[in-house]
Amino acid sequence: MLLVVILCVTFLPFAFASIDTTCLPSEEVDVLREIGRKLGKDWDFEQDPCVEWSDSISNTTYMNNVTCTPEPNNTICHVVSISLKGQSLAGILPPEFANLPNLLNLDLARNYLNGTIPPAWGSMPRILNITLIGNRLTGSIPKELGNLSTLTTL
Ligand SMILES: *[C@@H]1O[C@H](CO)[C@@H](O)[C@H](O)[C@H]1NC(C)=O
Ligand SMILES: *[C@@H]1O[C@H](CO)[C@@H](O)[C@H](O)[C@H]1NC(C)=O
Ligand SMILES: *[C@@H]1O[C@H](CO)[C@@H](O)[C@H](O)[C@H]1NC(C)=O
Ligand SMILES: *[C@@H]1O[C@H](CO)[C@@H](O)[C@H](O)[C@H]1NC(C)=O
Ligand SMILES: *[C@@H]1O[C@H](CO)[C@@H](O)[C@H](O)[C@H]1NC(C)=O
Ligand SMILES: *[C@@H]1O[C@H](CO)[C@@H](O)[C@H](O)[C@H]1NC(C)=O
């Protein structure tokens with residue numbers, strides 16, 4: 001009995017830290033963790049990214065949104081859209097966006113992101129829209145992006 005109590009007290013904080021309530025697979029949460037770190041984004045990983053991370057307010061210069069869509073007939077969901085427009089984020093463009101297999105829309109407009117577009121983005125399986133206007137990017141568009149057959153807007 002004492003052992004059980006000790007185990008609970010010891011492991012409870014970790015149970016919360018791994019956001020066991022989200023419908024996202026843990027691999028996608030890990031990808032978001034890495035992206036958040038590289039962008040200096042204040043995402044709270046004790047909350048459900050699909051429910052708690054989005055602002056209801058958005059306008060032409062600001063948006064803060066992470067949208068998830070469930071798989072048909074499944075309890076699992078995936079990140080389909082991320083918009084972090086106009087948040088004064090600094091840092092580089094994380095290559096890890098390519099590790100979100102269902103991402104359709106990525107909007108990082110109006111920040112202070114620098115460096116180049118990662119060649120790894122050429123393997124985003126479903127991407128439709130990428131918006132990067134109003135940053136401090138350098139270099140050319142990587143030839144790898146020519147492989148994105150789903151991309152409609154850059
Ligand atoms: C857009 O929304 C942000 C955040 O609420 C606000 O600070 C900003 O003033 C708004 N801009 C416009 C043009 O409405
Ligand atoms: C923002 O995110 C919420 C929840 O993730 C979603 O329901 C909503 O449609 C999104 N809004 C926009 C403008 O994308
Ligand atoms: C989901 O379940 C319903 C009812 O069991 C079935 O008719 C449908 O074909 C399923 N859809 C998929 C995508 O498996
Ligand atoms: C992609 O961009 C187009 C045009 O801006 C827009 O109509 C569409 O809703 C966007 N798709 C997604 C998945 O956000
Ligand atoms: C990006 O900006 C940081 C400072 O904000 C700077 O240290 C770094 O050298 C810049 N990188 C590039 C590739 O411009
Ligand atoms: C595009 O994809 C093909 C097939 O996967 C690959 O062989 C080729 O190296 C890719 N091109 C670039 C520029 O990444």
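Starting from 1, each residue takes its place in the sequence as its number. Computed from a predicted model, the values in this text were never measured in an experiment. When a ligand or atom number is given, it counts from 1 through the structure's own listing order.
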Please answer: with hydrophobic residues joined when any side-chain heavy atoms are less than 4.5 Å apart, are V80 and L24 in the same cluster?
no
Give the minimum heavy-atom separation between S88 and N111, together with the two atoms involved.
N-OD1, 3.0 Å
Can you list, by chain and residue number, every protein residue with a non-hydrogen atom closer than 4.0 Å to ligand 1?
I57, N59, T61, Y62
With V79, the side-chain contact (heavy atoms from CB on, under 4.5 Å) member among L32, L104, T67, T69:
L32
Check N135 against R110 and note the closest heavy-atom contact, atom names and distance.
ND2-N, 4.0 Å
What heavy-atom pair brings V29 and F45 nearest, and what distance separates the two atoms?
O-CE2, 3.8 Å
Just list the side-chain donor-acceptor pairs under 3.5 Å for residues 139-150, sequence neighbours left out, or say none.
residue : atom : partner : partner atom : Å
T150    : OG1  : I127    : N            : 3.4
T150    : OG1  : I127    : O            : 2.6

Enter the distance from R136:CZ to T138:OG1 here, rounded to the nearest 0.5 Å.
12.0 Å
Please report whether ligand 4 has a polar contact with T153, defined as an N or O pair separated by less than 3.5 Å (distance criterion only).
no
May I ask you to check if ligand 6 and N147 share an N or O to N or O distance below 3.5 Å?
yes
